[in-house]
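See structure below.
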Amino acid sequence: MAQLVNEGKSAIFDLDGTLLDSMGVWKEVDRLFFERRGISMPPDYAHAVAAMQSGDIADYTIRRFSLDEDREDLMREWTDTAEELYANQVRTKPHALEYLHHLRSTGAKLAVATSLAPRLRDAALLHAGIRDCFDVVCSVDDAGLGGKERPDIFLYTAKNLGVAPEDCTVFEDILIAVRTAKSVGMQVWAMFDASSQGDWERIRKEADGVIRDFDQAPLRL
């Protein structure tokens with residue numbers, strides 16, 4: 001049998017802003033959260049919390065806005081609102097499904113590495129119709145891992161795929177995740193997303209490649 005062109009290689013995909021055109025979900029979650037409290041949402045809020053886990057976001061939000069609320073209640077409110085949106089509204093980025101099918105046809109292993117809580121991740125994958133494309137699906141919550149400012153989630157995902165970090169190509173949309181994945185020897189392609197527009201020039205310089213549509217993604221890893 002002829003050797004497949006990507007045999008022994010793997011691709012690790014972020015969800016929000018990379019595979020999924022879903023950052024509007026969090027804009028709506030944030031809008032409703034601040035509206036319920038009569039607080040004007042600062043323009044830098046979404047960027048400030050982009051790479052954090054939900055618990056860290058809750059702590060940050062409570063501190064910044066001097067809220068007399070419990071972090072668990074905040075996380076529950078965000079998750080309940082987001083789950084409804086992920087289960088009914090989220091869509092994939094252009095040509096994402098075709099690209100996933102192409103990579104699978106070449107013998108590459110595919111994984112998700114996301115900061116989304118498992119219930120949000122699963123609702124999004126199911127609604128988008130892409131769950132069966134992946135060999136491994138990981139969230140930072142699965143193993144008590146830190147956010148993407150640390151490489152834990154990328155290394156954990158590679159280990160579960162059974163591949164070395166240097167055989168992984170990561171697809172991400174935020175600068176800190178690009179830097180983190182590259183710091184452990186992974187190749188990184190960056191997907192443009194409006195939420196990271198302010199960092200796009202730095203992302204372009206630091207990523208191994210950049211795309212705005214998955215029809216621009218590399219055919220070989």
A cation-pi test, strictly: NZ or CZ of Arg36 under 6.0 Å from the centre of the six-membered ring of Phe33 and no more than 45 degrees from its axis. Yes or no?
no
What I'd like to find out is whether the side chain of Phe154 reaches to under 4.5 Å of the side chain of Ser183, using heavy atoms alone.
no
Is the shortest heavy-atom distance from the side chain of Asp199 to the side chain of Ile174 under 4.5 Å?
no
Do side-chain atoms of Arg131 reach the backbone of Leu126 as a donor and acceptor pair under 3.5 angstrom?
no
Run the numbers on Ile39 and Leu67 for side-chain contact (heavy atoms from CB on, under 4.5 Å), then give the verdict.
CA-CA 11 Å; Ile39 299 172; Leu67 300 177; 3.9 Å; yes
Run the side-chain contact (heavy atoms from CB on, under 4.5 Å) test on Ile57 and Tyr45 for me, step by step, so that the C-alpha distance in whole Å, both residues' side-chain angles and the decisive distance to 0.1 Å come before the verdict.
CA-CA 10 Å; Ile57 296 173; Tyr45 178 78; 3.6 Å; yes
Hey, could you give me the OG1/CZ distance between Thr61 and Phe34, rounded to the nearest 0.5 Å?
5.5 Å
Does Asp44 CG have over 12 foreign heavy atoms under 6.0 Å away?
yes
Looking only at atom types and distance, does a side-chain atom of Ser139 sit under 3.5 Å from a main-chain N or O of Leu116, one as donor and one as acceptor?
yes
Heavy atoms of Trp78 and Ser54 approach each other most closely as CZ3-O, 3.9 Å
Do Val29 and Glu84 have side chains that get closer than 4.5 Å, going by heavy atoms?
no
Pro165 side chain near Leu155 side chain, heavy-atom distance below 4.5 Å:
yes
How long is the span from the CG atom in Asp14 to the CG atom in Leu19, to the nearest 0.5 Å?
7.5 Å
Under a 4.0 Å threshold between the charged nitrogen and the carboxylate oxygen, would Lys159 count as salt-bridged to Asp152?
no
Check ion pair Asp173-Lys93 (N to O, under 4.0 angstrom)
no
Above 12 or not: heavy atoms from other molecules or residues under 6.0 Å from CD of Glu28?
yes
Single-linkage hydrophobic cluster Val49~Ile176, side-chain heavy atoms < 4.5 angstrom:
no
Please tell me whether Leu125 and Trp26 are part of a single hydrophobic cluster in this structure, the criterion being side-chain heavy atoms less than 4.5 Å apart.
yes
What heavy-atom pair brings Thr157 and Val136 nearest, and what distance separates the two atoms?
CG2-CG1, 4.4 Å
Count I, L, V, M, F, W, Y as connected when their side-chain heavy atoms are under 4.5 Å apart, and connections chain through other members. Are Val112 and Val170 then in the same cluster?
no
Give the C-alpha distance, both sets of side-chain angles, the deciding distance and a yes or no for side-chain contact (heavy atoms from CB on, under 4.5 Å) between Lys205 and Val178.
CA-CA 11 Å; Lys205 291 177 182 177; Val178 170; over 6 Å; no
Same hydrophobic cluster for Val188 and Leu100, using side-chain heavy-atom links shorter than 4.5 Å among ILVMFWY?
no
Could you tell me which non-hydrogen atom of Arg104 sits nearest to which non-hydrogen atom of Cys133, and how far apart they are?
NH1-O, 2.7 Å
Indicate the atoms forming the closest heavy-atom contact of Met191 with Arg212, along with that distance.
SD-C, 3.8 Å
Just checking, any donor-acceptor pair under 3.5 angstrom between side chains of Asp193 and Ser195?
yes
Spatial distance of atom CD (Glu83) from atom CG (Leu120) [nearest 0.5 Å]
6.5 Å
Can you tell me if Ser115 uses its side chain to pair, donor with acceptor, with the backbone of Gly147 under 3.5 Å?
no
Ring geometry between Phe214 and Phe171 (parallel below 30°, tilted from 30 to 60°, perpendicular above 60°)
tilted
Hydrophobic clustering (ILVMFWY, side-chain heavy atoms < 4.5 Å, transitive) - are Trp200 and Trp189 grouped together?
no
Salt bridge Arg76-Asp73, side-chain N to carboxylate O under 4.0 Å
yes
Using a strict 4.0 Å threshold on nitrogen-to-oxygen distance, state whether Asp142 and Arg121 make a salt bridge.
yes
Heavy-atom check, side chain of Tyr99 versus side chain of Ile211, under 4.5 Å:
no
When rounded to the nearest 0.5 Å, the distance separating CZ of Arg220 from OG1 of Thr106 is 9.0 Å
Measure the CE-CD1 distance between Met186 and Ile12 for me, rounded to the nearest 0.5 Å.
4.5 Å
For Gln197, does the CD atom have more than 12 heavy-atom neighbours from other residues, nucleotides or ligands under 6.0 Å away?
no
Give a yes or no on this: more than 12 heavy atoms of other residues, nucleotides or ligands lie within 6.0 Å of atom CZ of Arg37.
yes
Straight-line distance of Leu15 CG to Glu172 CD, nearest 0.5 Å
9.5 Å
Pair Ile130, Phe13 - check side-chain contact (heavy atoms from CB on, under 4.5 Å), show working.
CA-CA 12 Å; Ile130 57 176; Phe13 292 88; over 6 Å; no
Taking atom NE2 of His102 as the centre, does the number of heavy atoms from other residues, nucleotides or ligands within less than 6.0 Å exceed 12?
yes
Salt bridge between Asp21 and Arg91, side-chain N to carboxylate O under 4.0 Å?
no
Any side-chain heavy-atom pair of Val25 and Gln89 under 4.5 Å:
no
Shortest non-hydrogen separation from Lys182 to Ala207 and the atoms involved:
CD-CA, 4.5 Å
Of all heavy-atom pairs between Asp135 and Leu161, which one has the smallest distance, and what is that distance?
CB-CD2, 4.1 Å
Are the side chain of Lys148 and the backbone of Ala113 linked by a donor-acceptor contact shorter than 3.5 Å?
yes
